[in-house]
Amino acid sequence: MCGFAGIYLFRSTLAADELERRVTAMAHTIVHRGPDAASTMIEPFGAAAFRRLAIVDLVTGDQPVQNGDGSIRVMFNGEIYNHVALRERLRVEHGIEVAGGSDAAVLPHLYELYGDDFVELLNGMFAICVFDARSRRCTLYRDRLGIKPLYYATTKEGVVFASELKALFASGLIEAAIDPAQVVPFLELFYVPGNRTLCRGVHKLMPGERLELRPTLTPHTARWWRLEAERDLRDDDALDELDALLADSTRLQLMADVPIGISLSGGLDSSLIAHYAHAGNAAVRAYTISFPSTDPGELECARQVSRQLGIEQIEITAEEGDFLAELDATTWFNDEPVADPAFYPALLVARAAAQHVKVLLAGSGADELFAGYGHYRLSSRAVAYRLLAHAFGDGLARRATGMRRSPRDREAIRAFGRDRLPYHARAMTHLADLDREALRDVTQRDHLAEIAECFRQAAHLDPRNRQLCVDTRTYLPHQLLSLLDRTTMAASVEGRVPFLDHRVAEFAMTVHGRHKYASKHGNKILLRRLAARHLPADVSTRKKHGFPNSVPQWLAPARLPAVREQLLGAGNAGFCADFLPRHWLESVLASPESLADNALTVHTLLVLESWHRVFARGASRPHAEAAAARTAVT
């Protein structure tokens, strides 16, 4: 796990020393991603700088790596879990003896032999930069499921790219300015959808895409992989096949020359990963975070799993009042921000883990692939309302069931049987209809366009797998995997996700939705059956709990004056107060009651305002950078 930043020139307009100065400054902003080593590669057509977090081949694993004659040089962020098999393939089939023991070392040789198709041979998480001096070509690749990030922006000089958004700003070629069109989508979804970012003119390379940069061609992206579902789904659930896949995925992801830990909540997903890691004879530690308000039962479940597996467990209790005090420092790491309330507690987990390990396994991806969320089915009340509404009309159905949801929510429930998009979209967004109406004049983009397009592309699937495929292609990379990358990298820890081995994802899309979620058996049927094989009974039967967070406590009534000052204070030159309707902001922050009712929206507004303060204004940047230096592992 590392980070890189670079500049590709359309024409040789910058001298080599100027190029090196700029990319070095860019890489300096992401030192937390790679505190162990630094390097650069300079070509007449561009340059890139690299920061290394040493995980595999600690002695000879520095980058860039190159082919035999040095005409192809590569930097990459992530891990190639099957590099040993690829190294053997190069030796047996092509007579190439790869120097060094790092996973990166195979990449330039594979690219030389297979061209752009080389990424299809990789099992891993990665963002890759290839400099090909033979054709003055630079190509950027992002892994299949979007585990590792990559950002880019086109300028008159060329293309600037990096593992994090803030590195682009350090190039001196990109301005840190909020794109107004992305504000309402951010408030709705907690992330900016599609290939856009919160920053004007900056894009993210999408999962399974490459960006091709040539001297005489306009930069363009091409898709090399997409999560596709089988049109003829299997009739069985193939539990043994899934068991073997997860065991092998976890085995591969235990590849490291440094200590490994597990983020263990006590829930189904992380407990299964703990089992497979233990079965692989890994000396892993488990890390469990709690707040004073956390259900003691969740902690006991994590303890039970750790005891059964013989894994050392470290419990961390976080104070709930730290969020506002650390907001700007947290924003420095949040980078291209997600407003997920789990960001701060996940950051605390990574910081604690960094005292002991450099690799942290997580259960991310299980909910999206194997149906862990409530919006994949209707509640019993919604089912009753839908049946009565079809038979007797909306009014009687509402009275009989006590249904108090909005007219648009009720319309989505009534349509659930024939079209799940309206209900799914309502479940994934966070503003109320009254908020949308109040924000109409500043709404410049359809926040649901990406979700709707993914629904269209998955139209051949059964209804539940259609939802799963959409969430795996949108919510998972844009919010959850971004959160994992930011929080672990902030502590110089590598986050790994065994559920997101592409073989597991492809397998999941071959299993009909009825084997994943059913009224009789509940959610994540396949994973619960695996847990029944391997884990305490309490784990296989317990209900899902989200990552612990304490937004209601962070935004307690006593915090209202401080929150109002951040979002409405006249002396703050605030983005929210300038851009959003004043009457709407005032209504959200009118009283302790309105603060509590709108806690998630207020949290999102605070994240947005902090981003503007730290990056666009730069007013809090010294504080944020100082906090980053204090928490970096060196």
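Residues take their numbers from the sequence shown, with the count starting at 1.
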[atom1]/[X] to [atom2]/[Y] distance, rounded to the nearest 0.5 angstrom?
X      : Y      : atom1 : atom2 : result
Lys166 : Cys199 : NZ    : SG    : 12.5 Å
Leu150 : Arg142 : CG    : CZ    : 7.5 Å
Leu431 : Thr443 : CG    : OG1   : 8.5 Å
Phe499 : Leu272 : CZ    : CG    : 5.0 Å
Glu326 : Phe333 : CD    : CZ    : 9.5 Å
Phe190 : Phe343 : CZ    : CZ    : 14.5 Å

Taking it one step at a time, do Arg196 and Arg445 satisfy side chain to side chain contact (heavy atoms under 4.5 Å, CB included)? CA-CA 11 Å; Arg196 305 302 295 271; Arg445 180 187 178 194; 3.9 Å; yes

Could you check whether [Y] and [X], counting side-chain N and O atoms only, form a donor-acceptor pair closer than 3.5 Å?
X      : Y      : answer
Asn523 : Arg528 : yes
Asp143 : His502 : no
Gln182 : Arg200 : no
Tyr373 : Glu368 : yes
His460 : Glu228 : no

Where [X] and [Y] come nearest, the two heavy atoms and their spacing:
X      : Y      : value
Arg514 : Ala518 : O-CB, 4.2 Å
Ile273 : Gly363 : CG1-CA, 4.4 Å
Ser163 : Pro149 : O-CG, 3.4 Å
Thr288 : Ala302 : OG1-CB, 3.7 Å
Gly495 : Met125 : O-CE, 3.3 Å
Ile30  : Ala167 : CG2-CB, 4.4 Å

Does a side-chain N-to-carboxylate-O contact under 4.0 Å join [X] and [Y]?
X      : Y      : answer
Arg223 : Glu209 : yes
Glu188 : Arg436 : yes
Arg408 : Glu411 : no
Asp485 : Lys148 : yes

Counting N and O atoms only, with roles assigned by atom type, does the side chain of [X] sit under 3.5 Å from a partner on the main chain of [Y], one being a donor and the other an acceptor?
X      : Y      : value
Ser364 : Val497 : no
Arg564 : Leu589 : yes
Ser171 : Leu168 : yes
Glu450 : Gly194 : yes
Ser263 : Ser270 : no
Ser379 : Ala382 : yes

Heavy-atom side-chain contact between [X] and [Y] under 4.5 Å:
X      : Y      : result
Arg420 : Arg466 : no
Leu189 : Gln479 : no
Arg486 : Leu347 : no
Trp584 : Asp435 : yes
Leu369 : Leu500 : yes
Leu360 : Val349 : yes
Arg426 : Asp433 : yes
Pro193 : Thr474 : no

May I ask you to establish whether Arg464 and Tyr376 are in a cation-pi arrangement, using a distance under 6.0 Å from NZ or CZ to the six-membered ring centre and at most 45° from the ring axis? no

Show your working on side chain to side chain contact (heavy atoms under 4.5 Å, CB included) between Arg613 and Leu327 and close with a plain yes or no. CA-CA 11 Å; Arg613 192 164 54 240; Leu327 178 57; 4.1 Å; yes

Please report the C-alpha distance between Phe575 and Trp611 in whole Å, then the side-chain angles of each, then the deciding distance to 0.1 Å, and finally whether the ring pair (Phe, Tyr, Trp, His ring centres under 6.0 Å) criterion is met. CA-CA 9 Å; Phe575 176 83; Trp611 195 94; 9.1 Å; no

Should Phe579 and Val442 be marked as a side chain to side chain contact (heavy atoms under 4.5 Å, CB included) after you check the CA-CA gap, both sets of side-chain angles, and the distance that decides it? CA-CA 8 Å; Phe579 180 75; Val442 294; 3.8 Å; yes

Are Trp554 and Tyr344 an aromatic pair, judged by ring center distance below 6.0 Å? yes

Compute the ring centroids of His203 and Tyr151, then answer whether they are less than 6.0 Å apart. no

Counting only pairs under 3.5 Å, give me each side-chain donor-acceptor contact of residues 384-393, with atom names and distances, residues two or more places apart or in other chains.
from: Tyr385; atom 1: OH; to: Asp394; atom 2: OD1; distance (Å): 2.4
from: Tyr385; atom 1: OH; to: Arg414; atom 2: NH1; distance (Å): 2.7
from: His390; atom 1: NE2; to: Arg414; atom 2: O; distance (Å): 3.2

Can you list the steps and then say if Leu198 with Asp179 is a side chain to side chain contact (heavy atoms under 4.5 Å, CB included)? CA-CA 6 Å; Leu198 189 64; Asp179 181 350; over 6 Å; no

Kindly write out the residues that satisfy side chain to side chain donor-acceptor pair (under 3.5 Å) with Arg405, not counting sequence neighbours, or none if the list is empty. none

Under the criterion ring pair (Phe, Tyr, Trp, His ring centres under 6.0 Å), which of His447, His430, His478 is the partner of Tyr191?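 The option that passes is His478.
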
Review item, side-chain donor-acceptor pairs of residues 595-608, under 3.5 Å, at least two apart:
from: Asn598; atom 1: ND2; to: Ser594; atom 2: O; distance (Å): 2.8
from: His603; atom 1: ND1; to: Ala339; atom 2: O; distance (Å): 3.3
from: Thr604; atom 1: OG1; to: Leu600; atom 2: O; distance (Å): 2.9

